[in-house]
Amino acid sequence: MNKKIGNIFKGDKVIWMVFFFLCMISVVEVFSASSGLTYKSHNYIGPIIYHTAMIAFGVLVAIITLNIPCRYFKLMTPFLLLITAITLLWVLIGGQTINGANRVISLFGFTFQPSEIAKGAIVLAVAQILSAMQRENGADRNAFKWIMWITIPTCFLIGLENLSTAALLFAVVFAMMFLGLVPSRQLVKLGAIIVCCGVFAVSMIMIVGHDTTSESQELTKIEQTNQPPKKKNALEKMLHRADTWKGRILNFGKGDVSPQDYDLDKDAQVAHANIAIVSSGIIGKGPGQSTERDFLAQAFSDFIFAIIIEELGIIGAIAVVFLYIVLLYRCARIASRCENTFPAFLVMGLGLLLVIQATFNMMVAVGLAPVTGQPLPLISKGGTSTIINCAYIGAILSVSRSAKLKTSAQQKEQES
């Protein structure tokens with residue numbers, strides 16, 4: 001019986017344990033945080049059944065993926081890049097709008113986010129380029145050029161509707177190039193360009209974006225005078241998310257605001273997340289005992305870490321952070337055992353992708369970063385993101401299997 005179970009759950013056992021604990025936390029906390037969905041659907045058990053089914057399917061995807069030999073991932077890269085290009089253009093033209101942005105595509109009754117596929121495709125492509133162009137003293141200078149030719153257009157298409165995801169993906173690529181020993185001069189130049197582009201982007205957002213209060217007043221005047229609304233120019237159409245981004249920047253830049261001056265209507269998410277954290281204590285209120293879940297619009301997704309802190313306390317928050325640290329550490333150990341560079345870069349890229357996104361989410365929840373809309377990987381409620389993240393875990397486990405086999409073979413050779 002144990003052998004049969006072992007044949008199913010192959011690969012690094014520590015990764016499996018981290019994956020299991022994150023999934024269990026997800027089921028408990030999403031069930032607790034889904035009170036808003038329960039109220040809307042008038043179904044108490046429906047949302048958690050759907051989420052549990054997504055996790056179960058994700059585990060199945062992880063098991064299937066871990067049984068794919070690592071060399072076949074290389075063959076998948078061109079097809080995934082082609083799918084990424086088609087779907088990212090598709091979602092901009094005819095995608096469904098969620099929270100004011102075109103982010104999902106509906107196909108045969110199912111919806112999925114192309115950006116989730118794009119992240120994995122770019123990590124695969126970057127790992128393959130770094131591996132193919134690795135020299136004795138580091139990566140060839142041309143590797144940087146090829147990586148940028150693939151990454152920049154993808155991040156641009158993603159960033160038009162989801163700026164935080166584009167920033168996350170670019171951060172992962174930058175970290176992979178650093179680990180891949182891309183010449184430091186190129187990375188320093190890229191860092192300087194990123195800073196300049198960041199300043200320019202923030203400036204454009206502040207110029208093009210409108211204050212929602214003044215905008216609503218303007219709409220009221222237009223309705224009273226029966227005047228047609230002003231047409232947006234091409235730049236305003238391209239940066240139609242600028243209002244949201246400007247609001248997030250302004251809210252984050254306010255700093256500490258006295259309670260009597262705090263606007264719960266404009267800053268409800270941040271305010272209730274802070275209340276959840278402050279009221280948690282060391283051990284929290286207990287699973288299912290959250291009160292702020294009824295006020296947080298994305299309690300089961302973007303702000304689920306605040307609910308975890310409220311219910312499980314500082315101890316629970318530290319435990320979740322520890323799980324992600326262990327995940328990254330085990331990815332590094334697996335990479336160090338790989339004989340070939342491609343699986344090493346791939347496992348580190350996927351590990352960084354999950355952990356950096358988790359860091360973004362947790363920093364937003366505790367007020368250390370502006371609201372980004374990034375879910376907590378393997379914990380937040382989701383469809384496409386849950387399944388794709390499980391596939392990433394499966395790919396990491398696949399690499400761990402081949403690395404373990406090679407290590408065992410090397411030990412036998414040394415003993416003989």
Side-chain angles (χ1 to χ4, degrees), residues 16-65 96 98-99 103-113 115-117 119-120 165 269 272-273 276 284-312 316-317 319-320 323-324 327 354 357-358 360-362 364-365 373-394:
W16 270 115
M17 290 177 63
V18 170
F19 184 37
F20 172 78
F21 283 122
L22 289 174
C23 288
M24 290 301 100
I25 293 171
S26 176
V27 171
V28 173
E29 293 304 318
V30 169
F31 182 50
S32 175
S34 297
S35 59
L37 294 177
T38 299
Y39 177 78
K40 291 179 180 179
S41 63
H42 303 288
N43 189 340
Y44 180 73
I45 203 70
I48 193 56
I49 289 179
Y50 173 81
H51 181 62
T52 304
M54 285 291 101
I55 289 180
F57 183 69
V59 172
L60 178 61
V61 170
I63 292 172
I64 294 172
T65 307
Q96 292 186 3
I98 295 180
N99 297 328
R103 294 182 178 175
V104 299
I105 292 174
S106 179
L107 188 64
F108 303 117
F110 297 96
T111 59
F112 67 95
Q113 296 185 41
S115 60
E116 295 296 328
I117 300 173
K119 289 188 292 187
T165 298
Q269 284 185 311
H272 289 294
K285 299 177 181 178
Q289 301 303 313
S290 170
T291 55
E292 297 307 312
R293 63 189 176 189
D294 297 327
F295 304 99
L296 272 167
Q298 295 293 327
F300 50 83
S301 180
D302 300 352
F303 283 89
I304 196 167
F305 189 63
I307 303 301
I308 290 173
I309 297 176
E310 183 183 11
E311 295 190 348
L312 304 181
V320 172
L323 288 173
Y324 285 110
L327 175 62
L354 293 171
Q357 181 175 333
F360 275 13
N361 177 277
M362 292 185 284
V364 169
Q374 290 296 321
L376 190 57
L378 303 171
I379 292 182
S380 292
K381 182 180 181 297
T384 308
S385 60
T386 298
I387 295 171
I388 296 296
N389 288 333
C390 289
Y392 295 160
I393 293 292

With side-chain contact (heavy atoms from CB on, under 4.5 Å) as the criterion, how do Ile393 and Leu354 come out once you've worked through the C-alpha distance, each side chain's angles and the decisive distance to 0.1 Å?
CA-CA 9 Å; Ile393 293 292; Leu354 293 171; 3.9 Å; yes
Any donor-acceptor pair under 3.5 Å linking the side chain of Asn361 with the backbone of Asp302?
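It does hold such a pair.
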Does Lys285 offer a backbone N or O that forms a donor-acceptor pair with the side chain of Glu310 under 3.5 Å?
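A pair under 3.5 Å: no.
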Do Val30 and Ser380 have side chains that approach each other closer than 4.5 Å (heavy atoms only, starting at C-beta)?
no
Do Phe305 and Val364 come within less than 4.5 Å of each other through their side chains, counting heavy atoms only?
no
Interatomic distance, [X] atom [atom1] to [Y] atom [atom2] [nearest 0.5 angstrom]:
X	Y	atom1	atom2	result
Leu60	Ile64	CG	CD1	4.0 Å
Ile379	Ile25	CD1	CD1	5.0 Å
Ile307	Glu29	CD1	CD	8.0 Å
Tyr392	Glu116	OH	CD	6.0 Å

Show your reasoning for whether side-chain contact (heavy atoms from CB on, under 4.5 Å) applies to Tyr324 and Leu376.
CA-CA 11 Å; Tyr324 285 110; Leu376 190 57; 3.5 Å; yes
Residues which pass side chain to side chain contact (heavy atoms under 4.5 Å, CB included) with Thr165, listed by chain and number, not counting sequence neighbours
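Testing Thr165 for side chain to side chain contact (heavy atoms under 4.5 Å, CB included), a comparison that skips the adjacent residues, returns Ser115, Lys119, Ile158, Asn162, Gln374.
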Side chain to side chain contact (heavy atoms under 4.5 Å, CB included) partners for Phe21, two or more places apart:
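Expected list: Met17, Leu323.
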Using the rule given for side-chain contact (heavy atoms from CB on, under 4.5 Å), can you reason through Leu378 versus Cys390, listing the C-alpha separation, both sets of side-chain angles and the distance that settles it, and then say yes or no?
CA-CA 7 Å; Leu378 303 171; Cys390 289; 4.2 Å; yes
Does the pair Ser32 and Glu311 meet the rule for a side-chain hydrogen bond (donor to acceptor under 3.5 Å, both in side chains), with working shown?
CA-CA 9 Å; Ser32 175; Glu311 295 190 348; 2.3 Å; yes
Check residues 45-56 and write down every donor-acceptor pair under 3.5 Å in which the side-chain atom is one partner and the other belongs to a residue at least two apart or another chain.
unit_1, atom_1, unit_2, atom_2, d
His51, NE2, Ser26, OG, 2.6
Thr52, OG1, Ile48, O, 2.7

Stepwise side-chain contact (heavy atoms from CB on, under 4.5 Å) test for Leu327 and Phe19
CA-CA 9 Å; Leu327 175 62; Phe19 184 37; over 6 Å; no
